[in-house]
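Only a predicted model underlies this, so the values are computations on that prediction, with no experimental measurement involved. Scope of the values below: all heavy atoms of this structure, side chains included, with no hydrogens, waters or symmetry mates.
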Amino acid sequence: MTVDAEQLRPWADGLPAAAAALRTLLHRVDSTTTPLWAGPGLEAALLRYERIFLPMYAAYLAATGVISLSGAPRAAADALVAAATASYNTTLKAASVAALQQGRELDADEKAAWAALRTNAGGVTAAAPIPPLDVAFVWALARLDPAAYAADCVATFGTPLPVGGTQGGDAGAAAAPASADAVAHVWVGNATEPAAVVARLQWVLFATAAQAAETPPPLLPGRLGKLLSCLHHRRLLRRQHLHHLPGYLWPPVAGTTAVTGFQGSSGVGVGLPKAAQVRKRWAPRARVAALRSAASSQRVFTARLGASGFDDPQALRLAAERYVRFLGLAATPAGAATFLVPTTDMDLVWHAHLMATAAYRENTTALLGRVYAHMADDDASPGGRLADGRAATMALWTAAYPAHPYEPPPSLVVPCVATAAAKATDMATGSAPSAAAAYRSGVRGGYWPQGAIPIAPVAAKVALLEEVAAEASANATVSAGEAATPKTSPDGLRTWDRTLAAATATAWRQRIGPAAVPGGGWPGLYAEGFVASAADPVDVVRSRAYGDPEVARGSSGIAAIDVAVAGASVPRSDVIALRRQVIPSLSKPILYETSSTNPSGGTVLGWGAVAWGVAGWGRETSA
C-alpha cells in the first residue's frame, strides 16, 4: 500500500510554515552571544526548562482543562499557582511604587501586562506560556523523541504534557493541526510585542514561585533564622535564571570582537555570566540530561540546513509533500520493517511535525496504527545503520514513487546559501569570520555569525534622536500648558527642564519596552541595531554619579552629575550649568552613558541642548 501526498494534505497544510519556524528557531539558537549547543549556556537552559517552564506549562494545561492532575503533582501545581499569584500582587505593587518614584504612573503597555494575568481575567495561568529562546530550544529537543518526552512528563506530572491538545482531553475532538505556533518563542526581535511582554511577566511570577519553593524552613525563629537558612541553602534558581530573556541570549552586534575577533571566528562568543551559571550540585532528571546529546545532534543537523534553500515557501511545501510520502512509505509492510532515513528537507518537516505532539500522535496513529518513532543517528560511516538505512529507503522509495525522486530537487539548494566547500574556502583565504571554523570548533551550527545584529546607519540614529526630541518637546508643551519656548528665569527653566526630561523618558520607554515589567533588561532598540559605535557623530558623556532624591532613579535626567566631556571634567554641575557651559561648545549630538540607576539598564541619550532622557539603546544588565 502506498499513500499519495494529496490524500493527506488537509492535516499537513501547516507543516511548511512550521518547518520554516523551526529552522528560524535553530538559526537564532546558533546566533546567541553565549553558545547554547553545549556547555554552560545549555546547562542553564536545561535548568530553566526543568525547574521553571515545565511546571508552569503543566499548571497552565491543568487550569485550561487540557490535562488532569492528581495526587502530589496536583498539590505541587496548586502551590505553584498560589505562590505565583502572590508574586503577581507583590510585583504589581513594587512596579506601581517605582513608577510613582519616577514621577509617573504605569503606562498602558505596563498595565496591559498585569491586566492579562489578573484574577478576573483567568489569573496567572490565563495566558499560554511562551518560552524564551533557550528554553524553546530545549523543549524542541525533548519533543524530538515522543516516547521519552511523554515518559518524562508522566514520571514528573503523572500525565503527558501535549502541545496542541484538546480542552478537557476529549478523545473525540481532533487535535490542533501542526503549525508554527508549536515553536513560538521570545527573542530580541519580538520581546516588546504585547504577547511577549505578558509571557515575560508570567515567567517572572512562576520563576519567583519556583525559587521560593526551594527555600527550606527557618533554622531559628524570626528574621535571623530565615537569613541563616538562606545562607545554609543556596538556591539552584539564581536571579538571572528568573530573567525571561537574559543578555547572553541576545545576538552580538556586527563589528564587535564577539563577531570579528577570535571569539567570532572560533564561534565561542562570550562566556555565560557567572550569575547565570548552574550550581555544580544540580543534576537534571535522566531524560532531561539526555537532551545534551540531542543538542549535539541538532547542531550537526542545523549545519545541513545551512546548505539548503529552505527560504522559498514553495520549496518548503514541496518538502512537506515529500515528507507525507515518506510517512506513506513507513505505512507499508516493507517500510515498517526498514530503518527509513529521510533526506534533510523531509527531516526538517518531520521535526516540525513532532513539535505539535498531539497532532503528531493523531496523524501518525491514523496512518500507521502507532505513534511513529523518531530516532537521531549521526553515524554516516560506510556500513553504519544510517548509510544502510538510506540505501534501503532509496530503493523502497524508487519502487513506491517512480515519478518522484528520493533526492531533493535542485530548487531546494539555492546559490545564495554558502556550501560547506565555499565556507572552507572563505576560511582558507582569510575571510572572517568563518562559519566553517566556528562549526568545526564544535560550538556553532553553521549559521553563525549571520544572525549578528547589524549596526543601524548613522542617519537613522540621528533621525531617531531628532524624532524623540521633537515628540518629547511637543508632549512637554502640552503637559506644561505653556509655549514651547521655556521661561528665561532660572526657576522657570528648571521647571521646563524637568517637564521636558520626563516627556523624553516616556518617549524612550515607548521605544524600548515597558520598564516597570520585571524580568531583566529590554532589548528595545538594540534589536534594530541602534547601538553606539565609533563612527557615530556624537560626543560621549560618561557619568560616575547619577541620581537625585527629588528625581529618584534618574527618572527625568535633571540631576547632579559628574561628567567628562571631550576630556574636560565638569564637576557635579547640574543640567542647566552643563547645558550653558558645555553643550553650546559641541557641534555634535551627545550620547550620555550611565552604568547605574537606569531603569532600562541602557544608555541615556540627549540631542544637543534640547532634551535629556533616561532610557536608551537597551543594554542588558545583571541587576
Side-chain angles (χ1 to χ4, degrees), residues 1-5 7-8 12 15 18-19 22-23 26 140-152 178 287 290-305 307-308 310 318-357 359-409 412:
M1 180 188 81
T2 60
V3 180
D4 193 88
Q7 297 174 313
L8 302 179
L15 288 177
L22 179 58
R23 178 171 177 259
L26 294 174
L141 295 178
R143 287 174 284 167
L144 289 176
D145 187 336
Y149 173 65
D152 181 53
R287 290 187 177 90
L291 300 181
R292 294 167 179 150
S293 117
S296 176
S297 176
Q298 285 303 290
R299 185 185 74 85
V300 177
F301 178 68
T302 300
R304 298 208 310 267
L305 293 178
S308 301
F310 294 111
L318 177 60
E321 292 174 354
R322 285 164 47 78
Y323 165 68
V324 171
R325 293 191 181 95
F326 176 80
L327 287 184
L329 194 64
T332 66
T338 304
F339 178 66
L340 298 178
V341 178
T343 56
T344 300
D345 61 319
M346 297 184 222
D347 209 12
L348 173 63
V349 180
W350 191 3
H351 291 185
H353 195 188
L354 285 160
M355 296 300 99
T357 62
Y360 185 79
R361 170 177 290 274
E362 180 179 286
N363 301 153
T364 58
T365 300
L367 178 61
L368 285 76
R370 68 188 188 281
V371 178
Y372 192 36
H374 174 269
M375 293 176 288
D377 192 330
D378 299 323
D379 181 13
S381 59
R385 186 171 72 155
L386 194 63
D388 289 349
R390 182 180 177 85
T393 304
M394 183 181 295
L396 291 176
W397 180 285
T398 302
Y401 306 116
H404 303 282
Y406 170 73
E407 294 295 343
L412 284 177

In terms of heavy-atom contacts, Leu329 and Ala400 come closest through CD1-CB, 3.8 Å
In short, salt bridge (Lys or Arg N to Asp or Glu O under 4.0 Å) pairs touching residues 292-303 with sequence neighbours left out are Glu43-Arg292
The single option from Leu144, Leu291, Leu305 that satisfies side chain to side chain contact (heavy atoms under 4.5 Å, CB included) with Gln298 is Leu144
By side chain to side chain contact (heavy atoms under 4.5 Å, CB included), Ala18 pairs with (sequence neighbours left out) Ala352
> Is there a side-chain contact between Met375 and Arg385 (heavy atoms, below 4.5 Å)?
Replying inline: yes
Tightest non-hydrogen contact, residues Val349 and Ala19, listed as CG2-CB, 4.1 Å
- Do Leu354 and Pro146 have side chains that get closer than 4.5 Å, going by heavy atoms? yes
| query | Are any non-hydrogen side-chain atoms of Tyr401 and Phe326 less than 4.5 angstrom apart? | reply | no
Applying salt bridge (charged side-chain N to carboxylate O under 4.0 Å, His left out) to Arg361 and not counting sequence neighbours gives none
Looking only at heavy atoms, the pair that brings Ala373 and Trp350 closest together is O-CZ2, 3.5 Å
Those residues at least two apart in sequence (or on a different chain) that pass side-chain hydrogen bond (donor to acceptor under 3.5 Å, both in side chains) with Trp397 are none
| said: For a side-chain contact (heavy atoms from CB on, under 4.5 Å) check, start with the C-alpha distance between Thr332 and Leu396, then their side-chain angles and the critical distance, and finish with the verdict. | reply: CA-CA 10 Å; Thr332 66; Leu396 291 176; 5.7 Å; no
*If we only count heavy atoms from C-beta on, is the Asn363 to Leu327 side-chain gap below 4.5 Å?*
no
Between Ala403 and Pro405, the two heavy atoms sitting closest are O-CD, 3.8 Å
Taking every heavy atom of Asp347 against every heavy atom of Pro342, the minimum-distance pair comes out as OD1-CG, 3.7 Å
Original post:
Would you say Phe339 and Thr393 make side-chain contact, with heavy atoms under 4.5 Å?
Top reply: no
Thr343 meets the side chain to side chain contact (heavy atoms under 4.5 Å, CB included) criterion, sequence neighbours left out, with Arg322, Asp345, Met346, Arg390, Tyr406, Glu407, Pro408
Hits for side chain to side chain contact (heavy atoms under 4.5 Å, CB included) against Asp145, two or more places apart or cross-chain, chain-then-number order -> Ala147, Ala148
Sorted by chain and number, sequence neighbours left out, side chain to side chain contact (heavy atoms under 4.5 Å, CB included) with Ala295 holds for Leu42, Phe137, Leu141
In short, Ala359 meets His353 closest at the heavy-atom pair O-NE2, 4.1 Å
Practice item. Mind running side-chain contact (heavy atoms from CB on, under 4.5 Å) on Phe301 and Leu348 for me, showing each step along the way? Key: CA-CA 9 Å; Phe301 178 68; Leu348 173 63; 4.0 Å; yes
